[in-house]
Novice: 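Below is one structure. I have some questions about it.
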Amino acid sequence: MAEGKINVSVENIFPLIKKFLYSDHEIFLRELVSNATDATLKLKHLTTIGEAKVDYGNPIIEIKVDKEGKKIHIIDQGIGMTEEEVEKYINQVAFSGAEEFLNKYEDGAKDSGIIGHFGLGFYSAFMVADKVEIITKSYTDAPAVHWSCDGSPNFTLKSAEKEDRGTEIILHVADDSTEFLEESRITELLNKYNKFMPIPIKFGMRTETLPKPKDAKEDDPAPTKEVDNIINNPNPAWTKQPADLKEEDYKGFYRELYPMQFEEPLFHIHLNVDYPFNLTGILYFPKLTNDLNVQKDRIQLYQNQVFVTDNVEGIVPEFLTMLRGVIDSPDIPLNVSRSYLQADGAVKKISSYITRKVADKLNSLFKNNREDFEAKWNDIKIVIEYGMLSEDKFFEKADKFALYPTVDGLYYTFDELQEKIKDNQTDKDDKLVILYASDKEAQHSYIEAAKTKGYEVLLLDSPIVSHLMQKLETSKEKISFARVDADHLDNLIKKEDTQISKLSDEEKEKLKADLEATISNKSYTVQLEAMDSDASPFIITEPEFMRRMKEMQQTGGGGMFGMGSMPEMYNLVVNTNHELVNEILNTKTAKKKERLINQSLDLARLSKGLLKGEELTNFIKRSYEMVK
């Protein structure tokens with residue numbers, strides 16, 4: 001029997017482990033199961049190359065909970081350790097000093113791969129145990145050994161009675177960690193961290209129903225038997241080659257990842273690259289809403305099939321964090337700040353690769369089945385538009401497949417749209433003006449007015465459309481966007497359609513004076529325009545620039561310009577050729593003129609969705625009186 005002190009560069013590392021990793025103390029099981037997996041895979045490699053003359057068989061990792069004895073057992077059938085290897089890998093902790101450890105964890109890192117990256121994977125056991133034992137036997141058939149430590153630097157190492165190769169870790173669970181003696185808690189952790197580990201993991205037994213014998217009666221119960229309860233899938237879909245998978249395999253894996261998600265994904269993207277970095281994974285496009293926040297943190301990051309985190313910001317481009325699925329890479333550094341990740345060369349390459357792969361997949365779907373792509377557009381547009389806004393490389397690629405739907409349900413690429421409207425929708429500066437609606441119902445009258453003139457009107461209703469239009473206007477030549485209720489829609493009227501006012505200049509001045517004197521709300525600027533007599537008498541438009549700035553402010557962009565709350569500003573466009581406007585001008589009774597002006601203004605405000613509260617109540621009351 002040998003006794004000694006563990007060779008560490010701090011007097012007692014165990015209180016440090018408890019103190020600084022306590023918020024992540026559940027990861028002890030992940031670390032220990034990972035070690036067991038490594039030991040098993042090492043044996044597999046040695047048998048493959050002929051160095052280990054043993055039968056590899058079908059090894060498993062077994063977890064046992066002894067609630068009464070307050071113990072957890074982690075048992076593997078892997079490579080095992082000799083006494084010398086226990087001395088080397090357990091007693092001589094490869095640790096560079098307490099100062100580095102404290103520096104690394106001064107921000108209370110929550111990530112879960114921390115211990116293994118410091119050579120402390122095994123010592124995570126002391127986060128939940130006040131005593132840890134190792135019983136291990138090497139594949140070389142060297143004598144088995146038994147190591148024990150009570151959480152101080154003191155250990156004992158002696159021979160052990162163990163016939164089979166492999167290692168058993170026994171945790172004597174501390175009083176403050178008894179939650180881990182509950183089977184439900186262990187099941188939860190295994191499902192979270194080890195669901196796709198490459199070696200089968202057994203935890204308990206389950207009852208399996210067998211076929212009834214041929215001579216069984218109808219009401220005879222089916223026979224059952226107890227079988228090992230394997231909780232993981234050692235060969236998840238992302239570890240396979242795309243050529244070996246069918247569409248149903250991808251959908252099945254999606255259900256495995258998200259068992260409570262009942263909607264099928266729209267399509268998937270299989271990532272598989274081994275140079276200049278290693279990356280595998282499957283990303284899924286789910287049906288998305290216009291809410292940019294609720295969708296995030298659904299992509300799971302793995303390292304060699306070990307779950308690390310579902311916060312992949314800094315690794316996956318932000319616009320793709322709304323997708324779902326798995327990425328697995330041993331080349332992503334863990335437990336470091338986001339700013340470090342963003343500066344890391346390997347991570348930048350991985351992020352760029354994922355962006356390119358997604359863009360290529362979208363382009364392929366568009367080219368191969370445009371009709372299906374158009375049908376899915378509303379469910380995926382928020383990701384594409386967000387990507388165009390935030391990633392320049394994606395913006396360039398998206399030019400081929402980004403769609404611009406019309407209020408009539410037609411879909412154009414940008415090039416197709418330009419070709420469609422080039423002869424009909426230019427302003428006085430020969431700039432192409434793209435009309436759009438953001439709310440088909442609320443802006444119906446404006447849409448109909450534009451369509452009557454033969455204009456194409458897009459339906460752009462995502463929450464970031466104002467930001468995206470700004471980018472399109474700066475990156476494309478001689479184009480501008482204008483909502484159908486914008487203030488310069490009249491600039492698009494073709495010269496041959498230009499109307500001549502029926503009012504003289506003197507009559508216009510009098511009309512404008514009457515209007516400005518009656519309208520108390522000074523947010524409205526009166527503009528007299530000669531339009532078709534069938535057009536509305538009063539139309540409210542909003543300065544496109546001011547309206548867009550308000551929208552950007554509401555979605556978080558206003559702060560970029562250092563703006564406070566944007567003021568309410570509207571144009572009241574009065575059609576001088578309308579019969580009602582002529583009646584307003586010629587009405588002799590001041591009270592009737594005031595009533596006609598207010599009623600016409602409120603009808604325009606109602607059409608614009610601006611009439612609310614007390615003003616709406618007064619309008620309704622006035623309308624009933626006029627009907628009487």
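Since the model is a prediction, treat every value here as computed from it, not as a measurement.
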Novice: Would you check if the distance from the ring center of Trp147 to the ring center of Phe122 is below 6.0 Å?
Specialist: yes
Novice: Please evaluate residues Val145 and Leu157 with respect to the criterion side-chain contact (heavy atoms from CB on, under 4.5 Å), reporting the C-alpha separation (whole Å), side-chain torsions for both, the decisive distance (0.1 Å), and the verdict.
Specialist: CA-CA 7 Å; Val145 292; Leu157 184 62; 4.2 Å; yes
Novice: Going from CD1 on Ile354 to CG on Leu279, what distance comes out if it is rounded to the nearest 0.5 angstrom?
Specialist: 5.5 Å
Novice: Please give me the minimum heavy-atom distance between Ile230 and Pro200, naming the atom from each residue.
Specialist: CG2-CB, 4.0 Å
Novice: Going from CD1 on Ile170 to NZ on Lys71, what distance comes out if it is rounded to the nearest 0.5 angstrom?
Specialist: 6.0 Å
Novice: Can you pull out every salt bridge (Lys or Arg N to Asp or Glu O under 4.0 Å) where at least one residue sits in residues 226-240? Sequence neighbours excluded, please.
Specialist: Lys202-Asp228
Novice: Atom NE2 in His25, atom CE in Met127: separation rounded to 0.5 Å?
Specialist: 7.5 Å
Novice: Who passes side chain to side chain contact (heavy atoms under 4.5 Å, CB included) against Glu68, sequence neighbours left out?
Specialist: Asp66
Novice: Are any of the side-chain nitrogens in Lys67 or Glu183 under 4.0 Å away from the carboxylate oxygens of its partner?
Specialist: no
Novice: Do other residues, nucleotides or ligands put more than 12 heavy atoms under 6.0 Å from Glu247 CD?
Specialist: yes
Novice: So Val132 and Cys149, do their side chains get closer than 4.5 Å, heavy atoms only?
Specialist: no
Novice: Name all residues meeting the side chain to side chain contact (heavy atoms under 4.5 Å, CB included) criterion together with Val227; count only those two or more places apart in sequence or in a different chain, and write none if there are none.
Specialist: Arg206, Glu208, Lys225
Novice: Quick one: do the Gln305 and Asp328 side chains pair a donor with an acceptor below 3.5 Å?
Specialist: no
Novice: With sequence neighbours left out, which residue pairs that include part of residues 197-255 fulfil the ring pair (Phe, Tyr, Trp, His ring centres under 6.0 Å) condition?
Specialist: Phe196-Trp238, Phe196-Phe253, Trp238-Phe253, Trp238-Tyr302, Tyr250-His268, Tyr250-His270, Tyr254-Tyr258, Tyr254-Tyr284
Novice: Among Arg255, Lys287, Lys251, which residue satisfies the side-chain hydrogen bond (donor to acceptor under 3.5 Å, both in side chains) criterion with Glu264?
Specialist: Arg255
Novice: If we ignore angles and hydrogens, is there a donor and acceptor under 3.5 Å between the side chains of Asn368 and Ser364?
Specialist: yes
Novice: Any salt bridge (Lys or Arg N to Asp or Glu O under 4.0 Å) involving residues 35-61? Give me the pairs, sequence neighbours left out, ordered by first then second residue.
Specialist: none
Novice: Do you know the tightest heavy-atom contact between Thr321 and Ile299?
Specialist: CA-CD1, 4.4 Å
Novice: Report the residues that fulfil side chain to side chain contact (heavy atoms under 4.5 Å, CB included) with Ser159, sequence neighbours left out, ordered by chain and then residue number.
Specialist: none
Novice: Kindly compute the distance separating CG (Leu362) from CZ (Phe285), expressed to the nearest 0.5 Å.
Specialist: 4.5 Å
Novice: Who pairs with Asp392 by side chain to side chain donor-acceptor pair (under 3.5 Å), at least two apart in sequence or on another chain?
Specialist: Lys471
Novice: Given side chains that start at C-beta, do those of Gln77 and Glu62 come closer than 4.5 Å, heavy atoms only?
Specialist: no
Novice: The test is side-chain contact (heavy atoms from CB on, under 4.5 Å); show your working for Leu271 and Leu283 and say whether it passes.
Specialist: CA-CA 8 Å; Leu271 307 171; Leu283 296 179; 4.1 Å; yes
Novice: Working to the nearest 0.5 angstrom, can you tell me the gap between Ile60 CD1 and Ile75 CD1?
Specialist: 9.0 Å
Novice: Might you point out which heavy atoms bring Ser351 and Val316 nearest each other, and give the distance in Å?
Specialist: OG-C, 4.5 Å
Novice: Is the shortest distance from a Lys or Arg side-chain nitrogen in Arg185 or Glu188 to a carboxylate oxygen in the other one below 4.0 Å?
Specialist: yes
Novice: Please collect all ring pair (Phe, Tyr, Trp, His ring centres under 6.0 Å) contacts where either partner lies in residues 33-78, sequence neighbours excluded, each pair once.
Specialist: none
Novice: Ignoring hydrogens and geometry, is there a side-chain-to-backbone donor-acceptor pair from Ser177 to Val173 under 3.5 Å?
Specialist: no
Novice: Before accepting this row, confirm whether a basic side-chain N of the pair Arg356/Glu391 lies closer than 4.0 Å to the acidic partner's carboxylate O.
Specialist: no
Novice: Listing request: all side-chain hydrogen bond (donor to acceptor under 3.5 Å, both in side chains) pairs with a residue in residues 131-146, at least two apart in sequence or in separate chains.
Specialist: Glu133-His146, Glu133-His172, Thr136-Thr167, Lys137-Asp141, Ser138-Thr140
Novice: Below 4.0 angstrom, N of the basic side chain to O of the carboxylate: do Glu168 and Lys162 qualify?
Specialist: no
Novice: Return a table of donor-acceptor pairs under 3.5 angstrom between the side chains of residues 211-222 and protein atoms on other chains or two or more places apart.
Specialist:
residue : atom : partner : partner atom : Å
Lys212  : NZ   : Glu218  : O            : 2.9
Lys212  : NZ   : Asp220  : O            : 2.7
Asp220  : OD2  : Lys217  : N            : 2.9

Novice: Is there a side-chain contact between Leu320 and Tyr386, using heavy atoms and a 4.5 Å cut-off?
Specialist: no
Novice: Under a 3.5 Å cutoff, is there a donor and acceptor pairing between the side chains of Asn233 and Glu256?
Specialist: yes
Novice: Taking the side chain as everything from C-beta on, heavy atoms only, tell me whether Gln300 gets closer than 4.5 Å to Lys192.
Specialist: no
Novice: Is there a side-chain contact between Ile72 and Leu181 (heavy atoms, below 4.5 Å)?
Specialist: yes
Novice: Are Ile231 and Lys195 close enough that some pair of their side-chain heavy atoms sits under 4.5 Å apart?
Specialist: no
Novice: Under a 4.5 Å cut-off applied to non-hydrogen side-chain atoms, are Ile384 and Trp377 in contact?
Specialist: yes
Novice: Counting only heavy atoms from other residues, nucleotides and ligands, does the tally under 6.0 Å from NZ of Lys70 exceed 12?
Specialist: yes
Novice: Answer yes or no: is there a donor N or O on one side and an acceptor on the other, between the side chain of Asn272 and the main chain of Thr280, under 3.5 Å?
Specialist: no
Novice: What's the spacing between Leu189 CG and Phe307 CZ if we round to 0.5 Å?
Specialist: 11.5 Å
Novice: Run the side-chain contact (heavy atoms from CB on, under 4.5 Å) test on Asp399 and Met388 for me, step by step, so that the C-alpha distance in whole Å, both residues' side-chain angles and the decisive distance to 0.1 Å come before the verdict.
Specialist: CA-CA 9 Å; Asp399 224 21; Met388 293 172 68; 5.6 Å; no
Novice: Regarding Tyr123 and Glu31, do their side chains bring together a donor and an acceptor under 3.5 Å, going by distance alone?
Specialist: no
Novice: Output, in order, the C-alpha distance, side-chain angles, deciding distance and verdict of side-chain contact (heavy atoms from CB on, under 4.5 Å) for Asp130 and Asp175.
Specialist: CA-CA 9 Å; Asp130 50 24; Asp175 291 338; 5.6 Å; no
Novice: Are any of the side-chain heavy atoms of Leu171 and Val128 separated by less than 4.5 Å?
Specialist: yes
Novice: Please evaluate residues Phe126 and Phe28 with respect to the criterion ring-ring contact (aromatic ring centres under 6.0 Å, His included), reporting the C-alpha separation (whole Å), side-chain torsions for both, the decisive distance (0.1 Å), and the verdict.
Specialist: CA-CA 8 Å; Phe126 288 97; Phe28 79 94; over 10 Å; no
Novice: Among Leu43, Ile61, Asn35, which residue meets the side chain to side chain contact (heavy atoms under 4.5 Å, CB included) test with Asp76?
Specialist: Ile61
Novice: Can you list the residues that meet the side chain to side chain contact (heavy atoms under 4.5 Å, CB included) rule with Ala375, with sequence neighbours excluded?
Specialist: none
Novice: Kindly write out the residues that satisfy ring-ring contact (aromatic ring centres under 6.0 Å, His included) with Phe373, not counting sequence neighbours, or none if the list is empty.
Specialist: Phe366
